Number of protein chains: 2
Amino acid sequence: MLNHSLIVRTAPQEVPAACANCGGRTAGICAALDTAGLEEISHETRRTAVRPHDMLYHEGDSAQSVVMLMRGVAKLTRQLPNGRQQVVGFRFAGDILGFTTRRSFASDAEMLTEGQVCRISRLDFEGMLARFPATQRRLIDLCSQELAEAQEQLVTVGRRQAEQRVAAFLIALAEAARRRGQSYDVLDMPMTRAEIGDLLGLALETVSRAFTQLKKRGFVKELGRGRVELPDIPALAAMAEGDIE
Amino acid sequence: MLNHSLIVRTAPQEVPAACANCGGRTAGICAALDTAGLEEISHETRRTAVRPHDMLYHEGDSAQSVVMLMRGVAKLTRQLPNGRQQVVGFRFAGDILGFTTRRSFASDAEMLTEGQVCRISRLDFEGMLARFPATQRRLIDLCSQELAEAQEQLVTVGRRQAEQRVAAFLIALAEAARRRGQSYDVLDMPMTRAEIGDLLGLALETVSRAFTQLKKRGFVKELGRGRVELPDIPALAAMAEGDIE
DNA sequence: CGGTGTCTTGACGGTACTCAAAATCTGTGG
DNA sequence: CCACAGATTTTGAGTACCGTCAAGACACCG
(Lines give C-alpha, C1' and ligand atoms only; values in the text may rest on other atoms or scores of the structure.)
Protein backbone atom coordinates (compact mmCIF):
# COMPACT_ATOMS: atom_id res chain seq x y z
CA MET A 1 0.00 0.00 0.00
CA LEU A 2 3.01 2.29 -0.03
CA ASN A 3 3.71 2.43 -3.73
CA HIS A 4 2.51 5.44 -5.63
CA SER A 5 1.92 6.99 -9.00
CA LEU A 6 1.96 10.38 -10.57
CA ILE A 7 -1.07 10.84 -12.73
CA VAL A 8 -1.21 14.27 -14.16
CA ARG A 9 -4.01 16.27 -15.65
CA THR A 10 -3.49 18.61 -18.54
CA ALA A 11 -5.39 21.68 -19.55
CA PRO A 12 -5.49 21.61 -23.37
CA GLN A 13 -6.81 25.09 -23.94
CA GLU A 14 -3.92 26.51 -21.92
CA VAL A 15 -1.48 24.60 -24.13
CA PRO A 16 -0.84 26.19 -27.49
CA ALA A 17 1.54 23.62 -28.96
CA ALA A 18 0.34 20.45 -30.65
CA CYS A 19 1.78 16.94 -30.33
CA ALA A 20 2.90 15.84 -33.79
CA ASN A 21 1.85 12.21 -33.76
CA CYS A 22 -1.21 12.68 -31.64
CA GLY A 23 -3.71 13.73 -34.30
CA GLY A 24 -3.24 17.44 -33.94
CA ARG A 25 -4.83 17.55 -30.48
CA THR A 26 -2.87 19.31 -27.78
CA ALA A 27 -1.79 16.88 -25.12
CA GLY A 28 -0.34 18.00 -21.84
CA ILE A 29 3.35 17.73 -21.58
CA CYS A 30 3.90 18.47 -25.26
CA ALA A 31 3.33 22.15 -24.59
CA ALA A 32 6.74 22.31 -22.97
CA LEU A 33 8.55 20.88 -25.98
CA ASP A 34 10.08 22.95 -28.74
CA THR A 35 10.01 21.80 -32.34
CA ALA A 36 12.98 19.50 -31.91
CA GLY A 37 11.33 17.88 -28.94
CA LEU A 38 8.07 17.34 -30.75
CA GLU A 39 9.98 15.80 -33.63
CA GLU A 40 11.71 13.48 -31.22
CA ILE A 41 8.70 12.40 -29.19
CA SER A 42 6.64 11.81 -32.32
CA HIS A 43 8.93 8.90 -33.20
CA GLU A 44 8.39 7.29 -29.85
CA THR A 45 4.62 7.21 -29.46
CA ARG A 46 2.09 4.61 -30.55
CA ARG A 47 -1.57 5.32 -31.00
CA THR A 48 -4.22 2.77 -30.09
CA ALA A 49 -8.01 2.63 -30.16
CA VAL A 50 -9.51 1.40 -26.89
CA ARG A 51 -12.97 0.26 -25.87
CA PRO A 52 -15.01 0.12 -22.65
CA HIS A 53 -13.55 -2.22 -20.01
CA ASP A 54 -10.13 -2.23 -21.70
CA MET A 55 -7.42 -2.10 -19.06
CA LEU A 56 -4.72 0.49 -19.78
CA TYR A 57 -2.57 -0.98 -17.01
CA HIS A 58 -2.84 -2.91 -13.76
CA GLU A 59 -1.88 -2.00 -10.22
CA GLY A 60 1.52 -3.52 -9.48
CA ASP A 61 2.47 -4.03 -13.12
CA SER A 62 5.93 -2.89 -14.10
CA ALA A 63 5.51 0.74 -15.20
CA GLN A 64 7.03 0.42 -18.65
CA SER A 65 5.06 3.12 -20.40
CA VAL A 66 3.16 6.33 -19.92
CA VAL A 67 -0.30 6.72 -21.42
CA MET A 68 -1.73 9.91 -22.87
CA LEU A 69 -5.51 9.70 -23.02
CA MET A 70 -6.49 11.35 -26.31
CA ARG A 71 -10.22 10.59 -26.31
CA GLY A 72 -12.61 8.93 -23.88
CA VAL A 73 -12.94 8.53 -20.12
CA ALA A 74 -10.97 6.21 -17.82
CA LYS A 75 -11.18 5.33 -14.14
CA LEU A 76 -8.27 4.78 -11.77
CA THR A 77 -8.91 2.26 -9.01
CA ARG A 78 -7.10 0.62 -6.14
CA GLN A 79 -8.13 -2.84 -5.01
CA LEU A 80 -8.74 -3.50 -1.34
CA PRO A 81 -8.05 -6.85 0.35
CA ASN A 82 -11.73 -7.43 1.09
CA GLY A 83 -12.54 -7.42 -2.60
CA ARG A 84 -13.91 -3.90 -2.74
CA GLN A 85 -12.35 -1.11 -4.70
CA GLN A 86 -11.64 2.56 -4.22
CA VAL A 87 -11.95 4.73 -7.30
CA VAL A 88 -9.06 7.18 -7.00
CA GLY A 89 -10.33 9.39 -9.79
CA PHE A 90 -11.66 9.68 -13.31
CA ARG A 91 -9.49 10.86 -16.21
CA PHE A 92 -10.48 12.55 -19.44
CA ALA A 93 -9.16 13.47 -22.87
CA GLY A 94 -5.86 15.30 -22.50
CA ASP A 95 -4.85 13.66 -19.24
CA ILE A 96 -1.61 11.74 -18.76
CA LEU A 97 -1.86 8.44 -16.91
CA GLY A 98 0.65 6.10 -15.38
CA PHE A 99 3.69 8.30 -14.94
CA THR A 100 5.40 7.29 -11.73
CA THR A 101 8.85 7.46 -10.21
CA ARG A 102 8.36 3.97 -8.80
CA ARG A 103 8.77 0.67 -10.59
CA SER A 104 5.11 -0.29 -10.74
CA PHE A 105 1.72 1.35 -11.22
CA ALA A 106 -0.16 2.35 -8.09
CA SER A 107 -3.62 1.75 -9.49
CA ASP A 108 -5.58 0.01 -12.20
CA ALA A 109 -6.60 2.15 -15.18
CA GLU A 110 -9.71 1.02 -17.02
CA MET A 111 -11.59 2.64 -19.88
CA LEU A 112 -15.23 3.52 -19.30
CA THR A 113 -15.88 4.56 -22.88
CA GLU A 114 -14.41 4.12 -26.31
CA GLY A 115 -11.37 6.26 -26.91
CA GLN A 116 -7.85 6.57 -28.14
CA VAL A 117 -4.54 6.58 -26.30
CA CYS A 118 -0.92 7.39 -27.12
CA ARG A 119 1.71 5.31 -25.39
CA ILE A 120 5.31 6.34 -24.82
CA SER A 121 7.84 4.09 -23.13
CA ARG A 122 8.89 5.19 -19.71
CA LEU A 123 12.52 5.19 -20.77
CA ASP A 124 11.78 7.60 -23.59
CA PHE A 125 9.62 9.70 -21.29
CA GLU A 126 12.36 9.91 -18.69
CA GLY A 127 14.85 10.72 -21.39
CA MET A 128 12.65 13.50 -22.61
CA LEU A 129 12.45 14.90 -19.08
CA ALA A 130 16.23 14.86 -18.86
CA ARG A 131 16.76 16.53 -22.24
CA PHE A 132 14.02 19.14 -21.96
CA PRO A 133 14.00 20.73 -18.50
CA ALA A 134 10.94 22.79 -19.40
CA THR A 135 8.89 19.60 -19.48
CA GLN A 136 9.89 18.98 -15.88
CA ARG A 137 8.58 22.35 -14.82
CA ARG A 138 5.36 21.54 -16.59
CA LEU A 139 5.09 18.15 -14.89
CA ILE A 140 5.39 19.87 -11.53
CA ASP A 141 2.53 22.19 -12.42
CA LEU A 142 0.41 19.27 -13.55
CA CYS A 143 1.23 17.28 -10.45
CA SER A 144 0.34 20.27 -8.33
CA GLN A 145 -3.08 20.33 -9.96
CA GLU A 146 -3.48 16.61 -9.39
CA LEU A 147 -2.61 16.93 -5.74
CA ALA A 148 -5.11 19.74 -5.26
CA GLU A 149 -7.85 17.53 -6.64
CA ALA A 150 -6.90 14.65 -4.37
CA GLN A 151 -7.08 16.98 -1.37
CA GLU A 152 -10.41 18.33 -2.49
CA GLN A 153 -11.62 14.74 -2.78
CA LEU A 154 -10.43 14.12 0.77
CA VAL A 155 -12.62 16.96 2.01
CA THR A 156 -15.55 15.56 0.05
CA VAL A 157 -15.24 12.05 1.40
CA GLY A 158 -14.21 13.02 4.90
CA ARG A 159 -16.58 15.81 5.84
CA ARG A 160 -19.66 15.80 3.62
CA GLN A 161 -22.79 13.69 3.73
CA ALA A 162 -24.15 11.65 0.87
CA GLU A 163 -26.13 14.26 -1.05
CA GLN A 164 -23.35 16.83 -0.66
CA ARG A 165 -20.79 14.35 -1.94
CA VAL A 166 -22.78 13.66 -5.09
CA ALA A 167 -23.26 17.40 -5.61
CA ALA A 168 -19.49 17.92 -5.21
CA PHE A 169 -18.84 15.12 -7.68
CA LEU A 170 -21.07 16.77 -10.27
CA ILE A 171 -19.39 20.13 -9.74
CA ALA A 172 -15.97 18.51 -10.22
CA LEU A 173 -17.23 16.82 -13.39
CA ALA A 174 -18.48 20.14 -14.73
CA GLU A 175 -15.19 21.82 -13.83
CA ALA A 176 -13.24 19.14 -15.72
CA ALA A 177 -15.46 19.66 -18.76
CA ARG A 178 -14.97 23.42 -18.56
CA ARG A 179 -11.21 23.02 -18.48
CA ARG A 180 -11.40 20.93 -21.62
CA GLY A 181 -13.35 23.70 -23.28
CA GLN A 182 -16.59 21.71 -23.39
CA SER A 183 -20.03 22.77 -22.26
CA TYR A 184 -20.41 22.32 -18.53
CA ASP A 185 -24.13 22.69 -17.97
CA VAL A 186 -24.82 19.67 -20.16
CA LEU A 187 -22.18 16.97 -19.90
CA ASP A 188 -21.30 13.32 -20.35
CA MET A 189 -21.35 11.13 -17.27
CA PRO A 190 -20.40 7.63 -18.46
CA MET A 191 -19.80 6.20 -14.99
CA THR A 192 -22.26 3.93 -13.19
CA ARG A 193 -23.78 4.54 -9.75
CA ALA A 194 -21.48 1.86 -8.39
CA GLU A 195 -18.39 3.61 -9.76
CA ILE A 196 -19.51 6.97 -8.40
CA GLY A 197 -20.09 5.28 -5.06
CA ASP A 198 -16.61 3.77 -5.11
CA LEU A 199 -15.22 7.26 -5.70
CA LEU A 200 -17.27 8.91 -2.96
CA GLY A 201 -17.14 6.17 -0.35
CA LEU A 202 -20.85 5.46 -0.67
CA ALA A 203 -22.97 2.40 -1.48
CA LEU A 204 -24.43 2.46 -4.97
CA GLU A 205 -27.94 2.56 -3.49
CA THR A 206 -27.05 5.67 -1.54
CA VAL A 207 -25.76 7.33 -4.71
CA SER A 208 -29.00 6.44 -6.45
CA ARG A 209 -31.09 7.94 -3.65
CA ALA A 210 -28.99 11.10 -3.73
CA PHE A 211 -29.56 11.48 -7.48
CA THR A 212 -33.29 11.00 -6.98
CA GLN A 213 -33.26 13.80 -4.41
CA LEU A 214 -31.18 16.13 -6.58
CA LYS A 215 -33.53 15.53 -9.50
CA LYS A 216 -36.55 16.27 -7.30
CA ARG A 217 -34.93 19.53 -6.21
CA GLY A 218 -34.34 20.44 -9.85
CA PHE A 219 -30.55 20.59 -9.57
CA VAL A 220 -30.03 17.71 -12.00
CA LYS A 221 -31.79 16.41 -15.08
CA GLU A 222 -30.93 13.16 -16.80
CA LEU A 223 -31.06 13.27 -20.56
CA GLY A 224 -30.61 9.53 -21.00
CA ARG A 225 -27.60 7.27 -21.45
CA GLY A 226 -24.87 8.92 -19.44
CA ARG A 227 -25.78 12.50 -20.14
CA VAL A 228 -26.85 15.00 -17.49
CA GLU A 229 -27.91 18.61 -17.34
CA LEU A 230 -27.10 20.91 -14.41
CA PRO A 231 -29.64 23.74 -14.62
CA ASP A 232 -28.40 25.63 -11.54
CA ILE A 233 -24.69 25.13 -10.98
CA PRO A 234 -24.32 27.86 -8.33
CA ALA A 235 -27.06 26.27 -6.23
CA LEU A 236 -25.48 22.85 -6.73
CA ALA A 237 -22.11 24.22 -5.61
CA ALA A 238 -23.72 25.82 -2.58
CA MET A 239 -25.26 22.49 -1.70
CA ALA A 240 -21.90 20.75 -2.06
CA GLU A 241 -20.45 23.28 0.40
CA GLY A 242 -23.30 22.68 2.81
CA ASP A 243 -24.43 26.29 2.58
CA ILE A 244 -28.03 25.41 1.81
CA GLU A 245 -30.47 22.79 3.15
CA MET B 1 -12.16 25.34 -3.57
CA LEU B 2 -10.22 25.08 -6.79
CA ASN B 3 -6.89 26.51 -5.70
CA HIS B 4 -4.18 24.06 -4.85
CA SER B 5 -0.78 23.59 -3.30
CA LEU B 6 2.20 21.39 -3.72
CA ILE B 7 3.43 20.23 -0.37
CA VAL B 8 6.24 17.84 -0.67
CA ARG B 9 7.77 15.35 1.68
CA THR B 10 11.45 14.62 1.77
CA ALA B 11 13.32 11.55 2.81
CA PRO B 12 16.43 12.82 4.59
CA GLN B 13 18.29 9.53 4.84
CA GLU B 14 18.05 9.15 1.07
CA VAL B 15 19.59 12.59 0.70
CA PRO B 16 23.34 12.71 1.21
CA ALA B 17 23.97 16.42 0.69
CA ALA B 18 23.52 18.96 3.48
CA CYS B 19 21.88 22.36 3.28
CA ALA B 20 24.46 24.97 4.25
CA ASN B 21 22.41 27.36 6.35
CA CYS B 22 20.08 24.75 7.75
CA GLY B 23 22.12 23.56 10.71
CA GLY B 24 23.79 20.70 8.94
CA ARG B 25 20.56 18.69 8.64
CA THR B 26 19.71 17.40 5.21
CA ALA B 27 16.57 19.02 3.95
CA GLY B 28 14.75 17.78 0.92
CA ILE B 29 15.36 19.72 -2.21
CA CYS B 30 18.93 20.59 -1.26
CA ALA B 31 20.05 17.14 -2.30
CA ALA B 32 19.64 18.15 -5.90
CA LEU B 33 21.91 21.19 -5.58
CA ASP B 34 25.60 21.20 -6.30
CA THR B 35 28.01 23.29 -4.24
CA ALA B 36 27.26 26.47 -6.14
CA GLY B 37 23.57 25.96 -5.56
CA LEU B 38 24.00 25.37 -1.87
CA GLU B 39 26.11 28.51 -1.66
CA GLU B 40 23.40 30.44 -3.39
CA ILE B 41 20.42 29.16 -1.46
CA SER B 42 22.21 29.63 1.86
CA HIS B 43 22.06 33.39 1.31
CA GLU B 44 18.34 33.32 0.78
CA THR B 45 17.01 31.36 3.74
CA ARG B 46 15.97 32.57 7.18
CA ARG B 47 15.75 30.33 10.20
CA THR B 48 13.06 30.77 12.83
CA ALA B 49 12.04 29.04 16.04
CA VAL B 50 8.34 28.20 16.18
CA ARG B 51 6.00 27.08 18.96
CA PRO B 52 2.75 25.13 19.23
CA HIS B 53 -0.22 26.88 17.55
CA ASP B 54 2.06 29.14 15.51
CA MET B 55 0.65 29.53 12.03
CA LEU B 56 3.23 29.02 9.29
CA TYR B 57 0.78 30.37 6.72
CA HIS B 58 -2.93 30.73 6.10
CA GLU B 59 -5.18 29.34 3.39
CA GLY B 60 -5.67 31.99 0.75
CA ASP B 61 -2.64 34.06 1.77
CA SER B 62 -0.37 35.19 -1.01
CA ALA B 63 2.23 32.41 -1.34
CA GLN B 64 5.33 34.55 -0.94
CA SER B 65 7.60 31.96 0.62
CA VAL B 66 8.29 28.27 0.92
CA VAL B 67 8.83 26.72 4.35
CA MET B 68 11.24 23.92 5.15
CA LEU B 69 10.28 22.25 8.40
CA MET B 70 13.56 21.51 10.18
CA ARG B 71 12.21 20.27 13.50
CA GLY B 72 8.74 19.61 14.93
CA VAL B 73 5.34 18.56 13.62
CA ALA B 74 2.79 20.66 11.72
CA LYS B 75 -0.74 20.07 10.49
CA LEU B 76 -2.22 21.19 7.19
CA THR B 77 -5.92 22.00 7.27
CA ARG B 78 -8.63 23.29 5.00
CA GLN B 79 -11.54 25.20 6.46
CA LEU B 80 -15.08 24.24 5.52
CA PRO B 81 -17.94 26.73 5.25
CA ASN B 82 -19.82 25.18 8.16
CA GLY B 83 -16.94 25.96 10.50
CA ARG B 84 -15.46 22.48 10.55
CA GLN B 85 -12.06 21.62 9.26
CA GLN B 86 -10.45 18.85 7.26
CA VAL B 87 -6.91 17.95 8.21
CA VAL B 88 -5.19 17.31 4.88
CA GLY B 89 -2.12 15.81 6.48
CA PHE B 90 0.61 16.06 9.10
CA ARG B 91 4.15 17.14 8.23
CA PHE B 92 7.42 16.34 9.96
CA ALA B 93 11.07 17.36 10.13
CA GLY B 94 12.52 17.41 6.62
CA ASP B 95 9.26 18.16 4.84
CA ILE B 96 8.76 21.16 2.58
CA LEU B 97 5.53 23.11 3.02
CA GLY B 98 3.75 25.73 0.99
CA PHE B 99 5.26 25.35 -2.43
CA THR B 100 2.55 25.97 -4.98
CA THR B 101 2.30 27.06 -8.58
CA ARG B 102 -0.74 29.16 -7.70
CA ARG B 103 -0.78 32.58 -6.13
CA SER B 104 -2.08 31.58 -2.72
CA PHE B 105 -1.75 28.74 -0.22
CA ALA B 106 -4.35 25.97 -0.43
CA SER B 107 -4.39 25.20 3.28
CA ASP B 108 -3.51 26.49 6.71
CA ALA B 109 -0.25 25.25 8.21
CA GLU B 110 -0.10 25.22 12.00
CA MET B 111 2.60 23.92 14.33
CA LEU B 112 1.59 21.20 16.78
CA THR B 113 4.91 21.20 18.63
CA GLU B 114 7.91 23.40 19.09
CA GLY B 115 10.28 23.37 16.17
CA GLN B 116 12.35 25.28 13.69
CA VAL B 117 11.71 26.31 10.12
CA CYS B 118 13.73 27.72 7.21
CA ARG B 119 11.93 30.14 4.92
CA ILE B 120 12.90 30.93 1.37
CA SER B 121 11.07 33.45 -0.75
CA ARG B 122 9.04 31.97 -3.55
CA LEU B 123 10.87 34.15 -6.06
CA ASP B 124 14.22 32.74 -4.97
CA PHE B 125 12.78 29.24 -4.92
CA GLU B 126 11.43 29.59 -8.44
CA GLY B 127 14.74 31.07 -9.53
CA MET B 128 16.54 28.09 -8.08
CA LEU B 129 14.24 25.74 -9.97
CA ALA B 130 15.01 27.57 -13.19
CA ARG B 131 18.80 27.58 -12.63
CA PHE B 132 19.12 24.01 -11.35
CA PRO B 133 17.02 21.61 -13.42
CA ALA B 134 17.98 18.72 -11.16
CA THR B 135 15.96 20.30 -8.37
CA GLN B 136 12.91 20.14 -10.62
CA ARG B 137 13.35 16.42 -11.11
CA ARG B 138 13.58 16.05 -7.38
CA LEU B 139 10.44 18.10 -6.82
CA ILE B 140 8.58 15.78 -9.16
CA ASP B 141 9.69 12.77 -7.15
CA LEU B 142 8.66 14.44 -3.92
CA CYS B 143 5.31 15.44 -5.37
CA SER B 144 4.79 11.90 -6.57
CA GLN B 145 5.28 10.69 -3.02
CA GLU B 146 2.88 13.30 -1.73
CA LEU B 147 0.23 12.29 -4.21
CA ALA B 148 0.58 8.63 -3.28
CA GLU B 149 -0.09 9.49 0.34
CA ALA B 150 -3.15 11.53 -0.54
CA GLN B 151 -4.52 8.59 -2.52
CA GLU B 152 -3.78 6.22 0.31
CA GLN B 153 -5.63 8.59 2.62
CA LEU B 154 -8.58 8.51 0.23
CA VAL B 155 -8.76 4.74 0.56
CA THR B 156 -8.59 5.04 4.33
CA VAL B 157 -11.37 7.58 4.61
CA GLY B 158 -13.52 6.16 1.84
CA ARG B 159 -13.55 2.45 2.48
CA ARG B 160 -12.51 1.65 6.05
CA GLN B 161 -14.47 1.78 9.27
CA ALA B 162 -13.45 3.68 12.37
CA GLU B 163 -11.08 1.21 14.01
CA GLN B 164 -9.40 0.38 10.70
CA ARG B 165 -8.90 4.07 9.97
CA VAL B 166 -7.15 4.67 13.26
CA ALA B 167 -4.99 1.59 12.68
CA ALA B 168 -4.09 2.89 9.21
CA PHE B 169 -3.26 6.28 10.70
CA LEU B 170 -0.86 4.69 13.20
CA ILE B 171 0.79 2.65 10.45
CA ALA B 172 1.27 5.81 8.37
CA LEU B 173 2.74 7.58 11.40
CA ALA B 174 5.17 4.72 11.96
CA GLU B 175 6.11 4.71 8.28
CA ALA B 176 6.84 8.44 8.40
CA ALA B 177 9.08 7.90 11.44
CA ARG B 178 10.89 5.07 9.72
CA ARG B 179 11.60 7.23 6.70
CA ARG B 180 13.12 9.84 8.97
CA GLY B 181 15.37 7.17 10.43
CA GLN B 182 13.64 7.20 13.81
CA SER B 183 12.31 4.28 15.79
CA TYR B 184 8.91 3.23 14.58
CA ASP B 185 7.66 0.91 17.28
CA VAL B 186 7.80 3.72 19.83
CA LEU B 187 6.94 7.12 18.44
CA ASP B 188 5.73 10.64 19.11
CA MET B 189 2.08 11.37 18.47
CA PRO B 190 1.58 15.05 19.34
CA MET B 191 -1.84 15.38 17.73
CA THR B 192 -5.10 15.40 19.70
CA ARG B 193 -8.03 13.03 19.20
CA ALA B 194 -9.90 15.87 17.53
CA GLU B 195 -7.09 16.45 15.03
CA ILE B 196 -6.86 12.75 14.24
CA GLY B 197 -10.61 12.73 13.76
CA ASP B 198 -10.41 15.69 11.40
CA LEU B 199 -7.85 13.77 9.37
CA LEU B 200 -9.83 10.53 9.30
CA GLY B 201 -13.32 11.95 8.91
CA LEU B 202 -14.38 10.78 12.37
CA ALA B 203 -15.76 12.44 15.49
CA LEU B 204 -13.19 12.79 18.26
CA GLU B 205 -15.26 10.50 20.47
CA THR B 206 -15.13 7.79 17.82
CA VAL B 207 -11.35 8.14 17.65
CA SER B 208 -11.17 7.82 21.42
CA ARG B 209 -13.29 4.66 21.38
CA ALA B 210 -11.13 3.17 18.63
CA PHE B 211 -7.98 3.82 20.70
CA THR B 212 -9.59 2.18 23.70
CA GLN B 213 -10.34 -0.89 21.60
CA LEU B 214 -6.85 -1.03 20.10
CA LYS B 215 -5.33 -0.78 23.56
CA LYS B 216 -7.59 -3.59 24.81
CA ARG B 217 -6.44 -5.75 21.91
CA GLY B 218 -2.83 -5.02 22.77
CA PHE B 219 -2.00 -3.33 19.46
CA VAL B 220 -1.27 0.04 21.08
CA LYS B 221 0.17 1.20 24.37
CA GLU B 222 0.19 4.81 25.50
CA LEU B 223 3.35 5.86 27.31
CA GLY B 224 1.92 9.22 28.37
CA ARG B 225 1.83 12.67 26.84
CA GLY B 226 1.85 12.11 23.12
CA ARG B 227 3.98 9.02 22.98
CA VAL B 228 2.75 5.60 21.84
CA GLU B 229 4.15 2.09 21.46
CA LEU B 230 3.07 -0.30 18.71
CA PRO B 231 3.97 -3.77 19.98
CA ASP B 232 2.69 -5.67 16.93
CA ILE B 233 2.91 -3.61 13.77
CA PRO B 234 2.17 -6.48 11.36
CA ALA B 235 -1.07 -7.24 13.20
CA LEU B 236 -1.93 -3.55 13.23
CA ALA B 237 -1.31 -3.35 9.49
CA ALA B 238 -3.47 -6.43 8.94
CA MET B 239 -6.24 -4.78 10.90
CA ALA B 240 -5.93 -1.59 8.85
CA GLU B 241 -6.35 -3.70 5.71
CA GLY B 242 -9.38 -5.43 7.18
CA ASP B 243 -7.69 -8.83 7.05
CA ILE B 244 -8.43 -9.66 10.67
CA GLU B 245 -11.46 -9.19 12.95
C1' DC C 1 -5.47 24.28 44.34
C1' DG C 2 -8.51 25.80 40.93
C1' DG C 3 -8.96 26.42 35.90
C1' DT C 4 -8.64 24.86 31.34
C1' DG C 5 -8.10 21.67 27.85
C1' DT C 6 -8.21 16.86 26.64
C1' DC C 7 -9.89 12.29 27.01
C1' DT C 8 -13.18 8.75 28.21
C1' DT C 9 -17.57 6.67 28.63
C1' DG C 10 -22.58 6.37 28.21
C1' DA C 11 -27.15 7.00 25.95
C1' DC C 12 -29.68 8.07 22.00
C1' DG C 13 -30.76 9.02 17.28
C1' DG C 14 -29.80 9.51 12.42
C1' DT C 15 -27.43 8.54 8.28
C1' DA C 16 -26.04 5.32 5.36
C1' DC C 17 -25.15 0.16 4.67
C1' DT C 18 -27.10 -4.36 3.66
C1' DC C 19 -30.32 -7.34 1.80
C1' DA C 20 -33.97 -7.89 -1.36
C1' DA C 21 -37.10 -7.25 -5.12
C1' DA C 22 -39.00 -4.78 -8.73
C1' DA C 23 -38.41 -1.57 -12.57
C1' DT C 24 -35.89 0.30 -16.24
C1' DC C 25 -32.53 0.39 -19.68
C1' DT C 26 -29.37 -1.75 -23.40
C1' DG C 27 -27.89 -4.51 -26.58
C1' DT C 28 -28.55 -8.83 -29.22
C1' DG C 29 -30.61 -12.10 -32.02
C1' DG C 30 -34.63 -14.02 -33.99
C1' DC D 1 -39.52 -4.74 -35.04
C1' DC D 2 -40.00 -7.37 -31.11
C1' DA D 3 -38.57 -10.47 -27.51
C1' DC D 4 -35.36 -11.65 -24.27
C1' DA D 5 -31.27 -11.72 -21.25
C1' DG D 6 -28.20 -9.11 -18.68
C1' DA D 7 -26.86 -5.02 -16.51
C1' DT D 8 -28.11 -1.01 -14.17
C1' DT D 9 -31.14 1.66 -11.42
C1' DT D 10 -34.69 2.44 -8.24
C1' DT D 11 -37.20 1.69 -4.11
C1' DG D 12 -38.25 -0.49 0.30
C1' DA D 13 -37.35 -2.49 4.98
C1' DG D 14 -34.35 -3.47 8.68
C1' DT D 15 -30.08 -2.72 10.98
C1' DA D 16 -25.45 -1.22 12.30
C1' DC D 17 -22.21 2.09 12.76
C1' DC D 18 -21.03 6.37 13.99
C1' DG D 19 -22.32 11.31 15.15
C1' DT D 20 -24.24 14.12 18.69
C1' DC D 21 -25.11 15.47 23.29
C1' DA D 22 -23.83 15.13 27.97
C1' DA D 23 -21.34 14.16 32.07
C1' DG D 24 -17.43 12.85 34.43
C1' DA D 25 -12.32 11.72 34.74
C1' DC D 26 -7.79 13.05 33.99
C1' DA D 27 -3.72 15.85 33.05
C1' DC D 28 -1.33 20.01 32.83
C1' DC D 29 -0.24 24.76 34.21
C1' DG D 30 -0.26 28.86 36.49
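Chain letters run A, B, ... following the sequence lines, proteins first and then strands; every chain starts at 1. Predicted model, so just to flag it, every value in this text is computed and none were measured.
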Asks: Between A/R160 and A/E152, is the salt bridge (Lys or Arg N to Asp or Glu O under 4.0 Å) condition met? List the steps.
Replies: CA-CA 11 Å; A/R160 296 196 237 254; A/E152 183 62 35; 3.1 Å; yes
Asks: Thinking salt bridges, do A/D198 and B/R159 make one under a 4.0 Å N-O criterion?
Replies: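 Looking at A/D198 and B/R159, the cut-off is met.
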Asks: Are the charged groups of B/R179 and B/E149 less than 4.0 angstrom apart, N to O?
Replies: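 Salt bridge present between B/R179 and B/E149.
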Asks: Reading nucleotides 8-21 of chain D 5' to 3', which nucleotides get B (base under 4.0 Å from a protein heavy atom), which S (sugar-phosphate only), which -?
Replies: -SBBBB----SSBB
Asks: Using a strict 4.0 Å threshold on nitrogen-to-oxygen distance, state whether B/K215 and B/E163 make a salt bridge.
Replies: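 Salt bridge between B/K215 and B/E163, a charged N being under 4.0 Å from a carboxylate O: no.
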Asks: Find the distance B/E195:CD to C/dG5:P and express it as a whole number of Å.
Replies: 14 Å
Asks: Using whole Å, what does the distance between atom C1' of nucleotide C/dA16 and atom CD of A/Q164 come to?
Replies: 14 Å
Asks: Which residue, B/R227, B/R180, B/R71, forms the salt bridge (charged side-chain N to carboxylate O under 4.0 Å, His left out) with B/D188?
Replies: B/R227
